[in-house]
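Here's the structure we're looking at; comments come further down.
Each residue takes its place number in the sequence, starting with 1.
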Amino acid sequence: MRADVFLVDYGHASTRSQAQRLIASGVQWRLSPALPWKKVLKNGDDIPAGAELQLLDAAEAKYISRGGLKLEGALAATGLSVAGLRCLDVGQSTGGFTDCLLQAGAAQVIGVDVGQGQLHDKLRSDSRVVCVEGLNARSMTAEALEAACEAALSELVQEEEDNHTQPQAPYAWMRNGGEISDDYDDSDDAKDTDIEAFKAERAAKAKALEEGTAPAVLRRKPELADVDTTPAFDFVTGDVSFISLTLVLPAVVRLLRPHGHLLMLVKPQFELQPGQVGKGGIVRDPALYAEVEQRIRTCLAELGLEVKAWLDSPIAGGDGNHEFFIHAQQGAQILHLDSPLPEAASATTNKPARVSRTVLREQKRAHIIDESEDEGYNLPGPARPKRKQRLA
């Protein structure tokens with residue numbers, strides 16, 4: 001069995017990517033204590049079923065993803081404790097930050113991600129975790145988050161038959177051979193048309209149930225009845241990609257309680273202009289880090305938060321980028337609650353028109369071709385005259 005697959009199948013790693021990082025850190029195996037250890041050199045190396053495995057560096061396996069190691073280092077560097085706190089994880093993804101928070105003693109983690117189906121099953125089944133998918137943090141409001149949490153904790157349930165609404169049939173007293181007295185009042189008895197209408201309605205419901213088209217209601221799962229979905233948090237953290245934090249923070253900080261703490265991962269490649277980012281999406285000029293820091297500090301200050309620290313992430317990004325954490329604290333009052341959130345840019349806004357390859361080629365040759373040359377130089381094929389060599 002492939003080494004990376006072996007690590008996942010036998011519970012040493014949560015994902016193939018994590019298994020591959022563990023192999024890079026050092027993994028060895030043996031079939032019995034009497035045999036020597038064999039080091040795994042490549043992800044595709046074969047490990048026999050039932051082999052004993054040893055991780056030479058198990059740090060990568062501590063959390064669902066290496067994001068947990070980043071947050072663990074940042075919590076240690078800032079001295080923050082999340083024990084007993086309700087936390088919000090923005091950009092939850094597979095759950096590295098969420099896993100770290102839970103292992104650090106957080107009472108609850110509500111995770112938000114615009115994607116679907118990314119959270120690891122181990123965390124998805126944890127009663128302390130609420131996974132909200134398909135919600136964009138940039139436009140998230142307290143009401144939208146609470147509604148999304150409720151949907152995540154609920155299930156669609158078919159409407160139950162309500163026998164209490166069944167109309168009282170006329171002459172129902174006769175079912176048991178009863179007798180009617182002179183003072184019997186039949187004014188409340190249903191008419192024959194009411195009975196027939198009820199029968200038709202019940203038959204339609206039965207048919208809808210059989211066909212799977214019966215109406216359903218959203219109802220909180222009984223085992224999750226006590227889960228708190230209040231959209232106010234003691235601690236907010238997050239790891240977002242392909243968007244600047246300055247566009248996410250205005251919505252996120254409104255959900256942070258007064259004096260609550262915020263600890264966000266900063267990825268410079270998503271805070272700069274395309275021209276400032278090098279090949280492969282790597283920020284190679286360290287001078288640009290100060291520009292990113294100042295921009296985010298200013299954003300938080302305008303939102304009423306006090307920046308406590310700007311620190312290096314203990315681990316580089318997966319692409320090799322230098323990443324940072326910013327620690328800030330909410331003020332005594334939450335500002336700008338009534339201000340509109342930044343609008344998402346239109347897909348066509350400021351987007352340059354696509355230029356055809358033919359035009360690009362001509363533009364590239366423009367400085368070479370002399371416009372005063374004989375007409376017909378740019379004609380295709382045989383119609384194009386030969387270009388005369390110019391004398392120096």
Side-chain angles (χ1 to χ4, degrees), residues 1-33 35-77 89 91-104 111 113 115 117-124 237-242 263 265-270 277-284 286 289 311-325:
M1 183 183 297
R2 279 181 58 102
D4 51 0
V5 176
F6 184 98
L7 264 65
V8 174
D9 286 357
Y10 284 85
H12 299 286
S14 301
T15 62
R16 286 273 294 275
S17 60
Q18 187 181 66
Q20 291 163 8
R21 291 193 297 271
L22 286 169
I23 291 170
S25 300
V27 173
Q28 57 188 18
W29 63 272
R30 64 184 181 185
L31 283 174
S32 74
L35 296 175
W37 290 100
K38 291 187 178 182
K39 188 177 173 84
V40 177
L41 301 177
K42 298 180 297 184
N43 299 326
D45 282 359
D46 184 65
I47 301 180
E52 179 186 356
L53 199 77
Q54 186 180 69
L55 304 178
L56 301 181
D57 183 357
E60 282 282 357
K62 185 174 182 180
Y63 301 110
I64 291 298
S65 73
R66 67 200 312 262
L69 295 173
K70 296 179 185 181
L71 184 57
E72 179 188 59
L75 288 172
D89 181 4
Q92 190 175 39
S93 188
T94 55
F97 277 24
T98 293
D99 198 8
C100 177
L101 292 171
L102 294 177
Q103 291 192 39
D113 201 287
Q118 299 182 70
L119 186 65
H120 193 276
D121 289 341
K122 168 189 168 184
L123 299 174
R124 191 180 292 274
T237 189
D239 172 2
V240 298
S241 297
F242 306 106
L263 187 62
L265 182 68
V266 181
K267 297 180 173 179
Q269 65 270 33
F270 301 125
V277 181
K279 186 177 180 181
I282 307 295
V283 180
R284 304 184 187 280
Y289 299 148
L311 55 149
D312 294 335
S313 170
I315 298 176
D319 55 5
N321 263 307
H322 191 150
E323 298 177 345
F324 303 88
F325 274 92

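- Judged by distance alone, with hydrogens and angles left aside, the side-chain atoms of Asn43 form no donor-acceptor pair with the main-chain N or O of Arg2 at under 3.5 Å.
- In plain terms, the two heavy atoms of Val240 and Phe270 that are nearest each other are O-CD1, 4.3 Å.
- Checking side-chain atoms of Asp89 against main-chain N and O of Gly95 turns up no donor-acceptor pair under 3.5 Å.
- The aromatic rings of Phe324 and Tyr289 sit perpendicular to each other, their planes meeting at more than 60°, with 30° as the lower class boundary.
- Side chains of Asp4 and Gln20: a donor-acceptor N/O pair is present below 3.5 angstrom, by distance only.
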Check against side chain to side chain contact (heavy atoms under 4.5 Å, CB included), Gln269 and Ile282: CA-CA 7 Å; Gln269 65 270 33; Ile282 307 295; over 6 Å; no
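- The main-chain N or O of Glu72 is never found under 3.5 Å from a side-chain atom of Gln103 such that the two would form a donor-acceptor pair.
- A salt bridge links Asp239 to Lys267: at least one charged side-chain nitrogen sits closer than 4.0 Å to a carboxylate oxygen.
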Verdict with supporting geometry, Asp46 and Phe6, side chain to side chain contact (heavy atoms under 4.5 Å, CB included): CA-CA 9 Å; Asp46 184 65; Phe6 184 98; over 6 Å; no
Stepwise side chain to side chain contact (heavy atoms under 4.5 Å, CB included) test for Leu55 and Glu60: CA-CA 10 Å; Leu55 304 178; Glu60 282 282 357; over 6 Å; no
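- What you find for Ser313 and Lys70 is that their closest heavy atoms are OG-CG, 3.8 Å.
- Residue-environment remark: NZ (Lys39) exceeds the threshold of 12 foreign heavy atoms within 6.0 Å.
- Among residue pairs with one or both ends in residues 23-32, those qualifying as side-chain hydrogen bond (donor to acceptor under 3.5 Å, both in side chains) are Gln28-Gln54, Arg30-Glu52; sequence neighbours excluded.
- Closest heavy-atom contact between Arg66 and Gly317: NH1-C, 4.0 Å.
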Trace of the side chain to side chain contact (heavy atoms under 4.5 Å, CB included) decision for Leu7 with Val40: CA-CA 11 Å; Leu7 264 65; Val40 177; over 6 Å; no
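- Gln18 places a side-chain N or O within donor-acceptor distance of the main-chain N or O of Tyr63, the cut-off being under 3.5 Å.
- Between Leu311 and Ala74, the shortest heavy-atom distance links the atoms CD1-CA, 4.2 Å.
- Minimum interatomic distance between Val8 and Ala19 (heavy atoms only, all atoms of both residues): CG2-CB, 4.1 Å.
- For Gly68 against Cys100, the heavy-atom pair with the smallest separation is O-SG, 3.6 Å.
- A donor-acceptor contact shorter than 3.5 Å links the side chain of Asp45 to the backbone of Leu41.
- Here the side chain of Arg284 pairs a donor or acceptor atom with the backbone of Lys279 at under 3.5 angstrom.
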